[in-house]
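Structure first, then comments.
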Amino acid sequence: MTPADLSRTVLHAVRRAVDEDALRAPVPARVRVERTRPGGSGDYACAVALQLAGPAALPALEVARILRERVAAEPGVGRVEITGPGFLSFTLDAPAESDRAVLAAVREQGLAYGHGNALRDEIHQFHHVREVRAAVTAQAVFRLLVAQGARGRTTCEQAPDPDWVRLGVTVDACGPPPTPLTEIRPVPAGATAGELLERLGPDAARWGLLRAAGHDRAALGPELLVQGEANPLFRVRYAHARARALTRGAAALGFTAEAAPYGASPAGPAAHGESPAAQAAPTATTAYDAAARPLLDLIADHPGVLLAGARHRAPDRVARQLEAVAHAFFDFHDSCPPLPAGDEKPSAAHRARLAIAEAAGTVLAGGLSLLGIRAPEHL
C-alpha cells in the first residue's frame with residue numbers, strides 16, 4: 001500500500017462512518033498522511049480525527065476510535081493505533097507485500113506513476129511577467145497541476161520571448177492580467193532565454209531555473225554542465241541512464257525483473273535453475289533489506305511529492321526528490337548489484353533488485369519529464 005493508497009483508504013473510512021451515521025461531519029476533499037516522525041508509532045500518521053472533531057461535535061479521541069475500526073479492516077493495513085490527543089498511527093502489512101504493490105504500480109503506470117486526480121475540481125489561471133524564469137516556472141507548475149487532474153491556462157503580460165519555445169514554454173495568451181489569477185513571480189534569472197540557451201542548453205537551463213525555490217536566486221553557472229557527481233542534474237540523469245543499462249544488461253543475460261520476496265522466487269528454484277541454498281542466502285537478504293529501504297521509501301513517497309509540488313506551486317520540490325532518488329539508487333546499486341558478476345548465475349535476488357532499479361529509473365524519467373527535461377537512456 002502506497003501513501004496515496006493509505007490516504008484514499010482513510011478517506012473511504014470517513015465516508016463510511018458518515019454514511020452509517022456514526023459520524024456527523026462534512027467529508028473532507030482529501031486526507032493527508034505522512035511518515036511517522038522519529039520516536040513515533042507505526043509507519044504513517046494522520047490528524048484527520050482532530051480535523052473532524054469540531055464539526056462532528058465529538059472529542060477527537062472518539063472520532064479516532066470510530067475511524068480506527070473501519071481503517072483496520074482494510075487490506076494492506078496491519079495495525080491502527082490512537083496516539084496523543086487523537087492521531088491515527090498506521091502500521092502497514094509486511095514490507096515485502098507493500099513494496100511489491102509499489103513496484104507493481106510503477107510498472108503498470110510507467111511515467112505517469114504519481115499522477116492522479118486529487119485536484120480534478122480545480123481550475124487555475126496563471127499569469128507571469130515577460131521574464132524567462134517566471135515563464136519556465138509557470139509552465140512547470142502548470143504541468144504538475146495537470147498531472148493531478150487540474151485544468152487551467154497561462155498568460156503573460158507581454159508578447160512571449162521567441163526563445164522560450166526552445167525551452168518548451170508556451171503561453172495561451174498575453175496582455176493585461178485576467179481575474180481571478182495566480183501570479184507566478186520568482187526571483188528573476190538575470191539573463192534572457194537566448195543567453196541561457198547559448199551557455200547551458202535547454203535541459204541544464206530548465207534545471208537551473210527550477211531547482212531553487214522561487215524566493216531564492218537560481219544558480220545558473222557552468223557547474224550545471226559538469227559531467228560528474230558534484231552536479232545534481234548529472235547524477236539524476238546518470239542514475240536514470242544506469243537503470244536503463246541494467247535492464248539491457250539483464251536482457252543480454254537472459255533474465256528480467258521480478259518483484260519477488262527477498263531471497264526467494266515464487267516460481268520455485270527449478271523454474272530458474274537455482275538451488276534452494278542460493279535462493280535462501282540469509283546474509284545477503286539482510287544486507288539487501290537495509291540497502292533497499294531508503295530507495296523503496298522514496299519511490300513510495302513520489303506520488304505525495306508530486307501532489308505537494310502541485311499544491312504549493314513548487315517544482316523545486318520535485319527536483320530535490322529526484323536528487324534524493326538518484327542518491328539512494330547509487331547507494332543501493334553499489335551495495336546490492338542487480339546484475340550477477342563473473343560466473344555468478346542470475347538469481348531471484350537479482351530479479352528483485354532489478355525491479356527496484358527499474359522503478360527508480362521510471363520515477364526519475366517521469367519526474368524529469370514533468371520538469372520539461374530529457375532523460376537520456378545513454379549518458
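The residues of the chain are indexed from 1 along the displayed sequence.
What you find for Ala56 and Val63 is that their closest heavy atoms are CB-CG2, 4.5 Å. Considering every non-hydrogen atom in both Leu364 and Val325, the closest pair reads CD2-CG1, 3.8 Å. Between Leu233 and Leu224 the shortest heavy-atom distance is CD2-O, 4.4 Å. Here the shortest heavy-atom pairing between Gly114 and Gln148 reads O-NE2, 3.0 Å. Listed here is the closest heavy atom pair of Ala250 and Leu339: N-CD2, 3.7 Å. Of all heavy-atom pairs spanning Val171 and Cys156, the tightest one is CG1-N, 3.6 Å.
Note that the CZ atom of Arg313 and the OG1 atom of Thr137 stand 13.0 Å from one another [nearest 0.5 Å]. The CG atom of Asp161 sits 10.0 Å away from the CZ atom of Arg166 when rounded to the nearest 0.5 Å. Here Phe142 contributes atom CZ and Ile184 contributes atom CD1; the two are 12.0 Å apart, rounded to the nearest 0.5 Å. Here the CG atom belonging to Leu295 is positioned 10.5 Å from the SG atom belonging to Cys336, to the nearest 0.5 angstrom. Summarising the geometry, atom CZ belonging to Arg211 is positioned 9.5 Å from atom CG belonging to Asp216; distances are rounded to the nearest 0.5 Å. Note that OG1 of Thr83 and CG of Leu61 are 9.5 Å apart. Values are rounded to the nearest 0.5 Å.
With hydrogens and angles ignored, the 3.5 Å screen pairs no side-chain donor or acceptor of His378 with any backbone N or O of Ala241. Put simply, the side chain of Asp316 never gets that close to the backbone of Ala212: no donor and acceptor are under 3.5 Å apart. Checked by atom type and distance alone, the side chain of Glu62 never pairs as donor or acceptor with a backbone atom of Pro59 at under 3.5 Å. Using a distance-only test at 3.5 Å, with no hydrogens or angles considered, no donor-acceptor pair links the side chain of Arg79 to the main chain of Gly42. At least one donor-acceptor pair under 3.5 Å links the side chain of Gln321 to the backbone N or O of Leu298. Looking only at distances, a side-chain donor or acceptor of Glu131 sits under 3.5 Å from a matching main-chain atom of Ala189. For the pair Thr155 (side chain) and Phe126 (backbone), a donor-acceptor distance under 3.5 Å is present. Under the 3.5 Å distance criterion, the side-chain polar atoms of Arg206 are matched with a main-chain donor or acceptor of Leu371. Side-chain N or O atoms of Gln139 include one that pairs as donor or acceptor with a backbone N or O of Gly168 at under 3.5 Å. Proximity of a side-chain donor or acceptor of Ser89 to a complementary backbone N or O of Ala45 within less than 3.5 Å is not detected.
Inspection of the His350 and Ser347 side chains reveals an N or O donor paired with an N or O acceptor under 3.5 Å. Gln125 and His127 share no side-chain donor-acceptor pair at under 3.5 Å.
A continuous path of hydrophobic side-chain contacts links Ile373 to Leu167 [ILVMFWY only; heavy atoms under 4.5 Å]. If you chain together hydrophobic residues whose side chains sit under 4.5 Å apart, Val318 and Val146 never meet in one group. Linking Ile, Leu, Val, Met, Phe, Trp and Tyr residues whenever their side-chain heavy atoms come within less than 4.5 Å places Val71 and Val27 in a single cluster. Residues Val80 and Leu11 are members of one and the same hydrophobic cluster, defined by side-chain heavy-atom contacts under 4.5 angstrom among Ile, Leu, Val, Met, Phe, Trp and Tyr. Residues Val129 and Val187 fall into different hydrophobic clusters, defined by Ile, Leu, Val, Met, Phe, Trp and Tyr side chains chained together at heavy-atom separations under 4.5 Å.
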Begin with the C-alpha distance, continue with both residues' side-chain angles, and end with the deciding distance and a verdict on side chain to side chain contact (heavy atoms under 4.5 Å, CB included) for Phe332 and Leu296. CA-CA 10 Å; Phe332 167 69; Leu296 285 164; over 6 Å; no

Might you work through the side chain to side chain contact (heavy atoms under 4.5 Å, CB included) test for Leu209 and Leu196, ending with a clear yes or no? CA-CA 10 Å; Leu209 293 168; Leu196 293 176; 4.0 Å; yes

Can you check side chain to side chain contact (heavy atoms under 4.5 Å, CB included) on Asp163 and Val132, steps first, answer last? CA-CA 9 Å; Asp163 286 323; Val132 62; over 6 Å; no

Intermediate values then yes/no, side chain to side chain contact (heavy atoms under 4.5 Å, CB included), Thr154 and Thr170: CA-CA 8 Å; Thr154 60; Thr170 58; 5.6 Å; no

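For Glu198, the CD atom sits in a loose shell: 12 or fewer heavy atoms of surrounding residues, nucleotides or ligands are nearer than 6.0 Å. Open room surrounds NE2 on His327; 12 or fewer heavy atoms of other groups in view lie less than 6.0 Å from it. By the 6.0 Å contact criterion, CZ on Arg32 is open, its count of non-hydrogen atoms from other residues, nucleotides or ligands being 12 or less. Counting heavy atoms of neighbouring residues, nucleotides and ligands inside a 6.0 Å radius, atom CD of Glu229 does not exceed 12 of them. Summarising the local packing, CZ of Phe87 is surrounded by 12 or fewer heavy atoms from other residues, nucleotides or ligands at distances under 6.0 Å. For CZ of Arg217, the number of neighbouring non-hydrogen atoms (other residues, nucleotides, ligands) closer than 6.0 Å is 12 at most.
At a threshold of 4.5 Å between non-hydrogen side-chain atoms, the residues Pro294 and Asp331 do not count as touching. Counting heavy atoms from C-beta on, the side chains of Arg237 and Pro376 come closer than 4.5 Å. Between Val169 and Pro160 there is no side-chain heavy-atom pair separated by less than 4.5 Å. Side-chain contact between His115 and Leu370: present, with at least one pair of heavy atoms (C-beta onward) separated by less than 4.5 Å. In this structure the side chain of Gln227 never reaches within 4.5 angstrom of the side chain of Tyr238, judged on heavy atoms. Within the 4.5 Å cutoff, the side chain of Pro315 has no heavy atoms near those of the Val136 side chain. Contact of the Phe90 side chain with the Thr36 side chain is not registered, since no non-hydrogen atoms from C-beta on lie closer than 4.5 Å. No side-chain heavy atom of Val10 sits under 4.5 Å from any side-chain heavy atom of Glu74.
Under the 4.0 Å criterion applied to side-chain N and carboxylate O atoms, Asp99 and Arg293 are assigned as salt-bridge partners. Using a cutoff of 4.0 Å between basic side-chain nitrogens and carboxylate oxygens, Asp19 and Arg16 are not scored as salt-bridged.
When each of Arg107, Arg100, Arg351 is checked for a salt bridge (Lys or Arg N to Asp or Glu O under 4.0 Å) with Glu258, only Arg351 meets the rule.
Between His302 and Tyr113, the two ring planes are parallel [angle under 30°; tilted spans 30° to 60°]. Ring geometry, His333 versus Phe330: the interplanar angle exceeds 60°, so the pair is classed perpendicular (tilted spans 30 to 60°).
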